[in-house]
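For reference, the structure is listed below as structure tokens.
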Protein chains: 2
Amino acid sequence: MRKTIFVFSALIIALLVLFRLSRYSYVSEDISIELTIGSIAVIFFLVGIYINKKTLHKEKSRPTQIDHKKIEQLGISKREYEVLILISKGLSNKEIADTLFVSESTIKTHVSNLLLKLDAQRRTQAIKKAKELQILEQ
Amino acid sequence: MRKTIFVFSALIIALLVLFRLSRYSYVSEDISIELTIGSIAVIFFLVGIYINKKTLHKEKSRPTQIDHKKIEQLGISKREYEVLILISKGLSNKEIADTLFVSESTIKTHVSNLLLKLDAQRRTQAIKKAKELQILEQ
DNA sequence: TCCGGACTCATACTAAAGTACCAATTTTGT
DNA sequence: ACAAAATTGGTACTTTAGTATGAGTCCGGA
């Protein structure tokens, strides 16, 4: 968003400068006018493409904006959320325990709580629901 | 984001209008050149955005194309693939068995074969790998 | 017609996953 | 500082998941 503002500001400034230049030049030279017009056309065309690509790219790479509010609403704690992420990566309870440097018992507790909060019967179902609720990346 | 673009476009147009008005107020000169330049800039800018949107639209409408060739390459059969889809929906072996009207033993066999073919140790890992391989919708 | 692959199912396991309950720390907000 | 919430961990248990192995059925291609 801030980038877009800067780019457009720069465009407006460039316009002003061009107006200034054209005022001094078009009386003396004739070719420079067409040159200026052509250049401006090309530049603005490219800028249009560039801006559009930027904005569309952000929409494409953000179809999965994580809904932190929903995580809070469900009462999922920080640690539980970490476990949820690792579950979705296909890790076993033991592997998650080793990753987070805690015991497997602890992970089992977290997973049980997660299943309750996500209203799921299995970790695979928890993964699916979490993605539907947009609290996990697709 | 799109709003910003429109707002700034409007600003540029307003600038052009202002230039025109200011010209009539004190200089009273021919301003057709500046107007032309400005119009061309805006038009080409919009054309750039339009063209880019057209070309990018194709990519956006195909975010998760299932790679049937990869399914074949991995030697995953029709029935195994059905099971894989139901696994990714969070169903248990028993639920999958009831859905496909076969016994749980059959599903276990399919799952075991799937894990081998996907080089996974757990069904959760199979889900993740299958999505990475684009043989399952995200 | 014969063969191989796909699909089915069973038994007998072992290994994970998940539940229930309890309890000790640690963190955190007021 | 104190209560509440979060994190950790344990035992004991039930339920799923997954492996290994064998075997019967069905179907399409050589």
Side-chain angles (χ1 to χ4, degrees), chain A residues 66-133 135-136, chain B residues 66-133 135-136:
Chain A
I66 279 144
D67 193 342
H68 295 282
K69 277 164 285 181
K70 199 152 283 167
I71 296 174
E72 214 176 336
Q73 279 172 20
L74 294 170
I76 295 174
S77 70
K78 277 191 299 293
R79 205 56 160 169
E80 285 166 353
Y81 186 61
E82 288 185 89
V83 172
L84 179 59
I85 290 171
L86 295 176
I87 285 177
S88 78
K89 293 191 175 179
L91 301 201
S92 68
N93 288 339
K94 187 75 194 67
E95 287 169 341
I96 295 173
D98 292 343
T99 303
L100 299 180
F101 302 106
V102 293
S103 78
E104 196 183 342
S105 298
T106 306
I107 301 304
K108 284 190 175 187
T109 305
H110 288 322
V111 172
S112 258
N113 292 331
L114 272 172
L115 295 183
L116 278 177
K117 291 170 183 177
L118 285 169
D119 189 30
Q121 278 71 55
R122 283 162 292 284
R123 48 170 59 206
T124 49
Q125 202 179 349
I127 294 172
K128 202 210 166 201
K129 286 206 175 189
K131 289 185 177 181
E132 283 173 354
L133 292 168
I135 64 180
L136 271 184
Chain B
I66 279 144
D67 193 341
H68 295 282
K69 276 164 286 181
K70 200 154 281 168
I71 296 174
E72 213 175 338
Q73 280 172 18
L74 294 170
I76 295 174
S77 70
K78 278 189 300 292
R79 203 56 159 168
E80 285 166 353
Y81 186 61
E82 288 184 88
V83 172
L84 179 59
I85 290 172
L86 294 176
I87 285 177
S88 77
K89 292 191 175 180
L91 302 199
S92 68
N93 288 339
K94 187 76 192 68
E95 288 169 339
I96 296 173
D98 292 343
T99 303
L100 299 180
F101 302 106
V102 293
S103 78
E104 196 183 340
S105 298
T106 306
I107 302 303
K108 284 190 175 185
T109 305
H110 288 323
V111 172
S112 257
N113 291 333
L114 271 171
L115 294 183
L116 278 176
K117 291 170 182 178
L118 285 169
D119 190 30
Q121 278 71 54
R122 282 164 292 286
R123 48 170 59 207
T124 50
Q125 203 178 352
I127 294 171
K128 202 209 166 201
K129 287 205 175 188
K131 289 186 175 180
E132 283 174 353
L133 292 169
I135 63 180
L136 272 184

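As the structure is a computational prediction, the values presented were derived from the model and not from experiment.
Heavy atoms of B:T106 sit under 4.0 angstrom from at least one base atom. Residue B:S103 is in sugar-phosphate contact alone, with no base atom involved, counting any heavy-atom pair closer than 4.0 Å across all strands shown.
Following rounding to the nearest Å, A:E72 (CD) and D:dA6 (P) show an atom-to-atom distance of 10 Å. Atom pair B:Y81:OH and C:dG5:P shows a separation of 23 Å (rounding to whole Å applied). Per the geometry, CZ belonging to A:R79 stands 13 Å off C1' belonging to C:dT26, to the nearest Å. Going from atom NZ of A:K78 over to atom C1' of D:dT7 covers 10 Å, rounded to whole Å. Distance, A:I107 CD1 to D:dA6 C1': 14 Å, rounded to whole Å. In this entry the distance linking CG of A:L100 with P of D:dT8 reads 8 Å, nearest Å. Atom CD in B:E95 sits roughly 13 Å away from atom C1' in D:dT15 (whole-Å rounding). Between A:E80 atom CD and D:dT8 atom P there is a gap of 10 Å when expressed in whole angstrom units.
Partner B:N113 forms a side-chain contact (heavy atoms from CB on, under 4.5 Å) with one of B:E80, B:K108, B:R79 and no other, that one being B:E80.
Taking only side-chain nitrogens and oxygens, B:H110 comes nearer than 4.0 Å to OP1 or OP2 of C:dT8.
Using a cut-off of 4.0 Å between Lys/Arg side-chain N and Asp/Glu carboxylate O, A:E95 and A:K89 are scored as not salt-bridged. Between A:E82 and A:K78 there is no salt bridge, since no side-chain N of the basic residue sits under 4.0 Å from a carboxylate O of the acidic one.
Between B:R122 atom CZ and B:K128 atom NZ the span is 11.5 Å, to the nearest 0.5 Å. A distance of 9.5 Å separates CD1 of B:I85 from CD1 of B:I135, quoted to the nearest 0.5 Å.
B:T109 and B:S112 form no side-chain donor-acceptor contact under 3.5 Å, judged by distance and modelled atom types alone.
In B:E72, the CD atom is not crowded: 12 or fewer heavy atoms of neighbouring residues, nucleotides or ligands sit closer than 6.0 Å.
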Quick one: which protein N/O atoms are closer than 3.5 Å to N/O atoms of nucleotides 16-21 of chain D? Pair and distance per line, please.
unit_1	atom_1	unit_2	atom_2	d
D:dA17	OP2	B:N93	N	2.9
D:dG18	OP1	B:R123	N	2.8
D:dG18	OP2	B:R123	NE	2.8
D:dG18	OP2	B:R123	NH2	3.3
D:dG18	N7	B:K108	NZ	3.4
D:dG18	O6	B:K108	NZ	2.7
D:dT19	OP2	B:S112	OG	2.6

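Set against D:dT8, C:dT11, C:dT8, the side chain of B:S105 has C:dT11 as its closest nucleotide.
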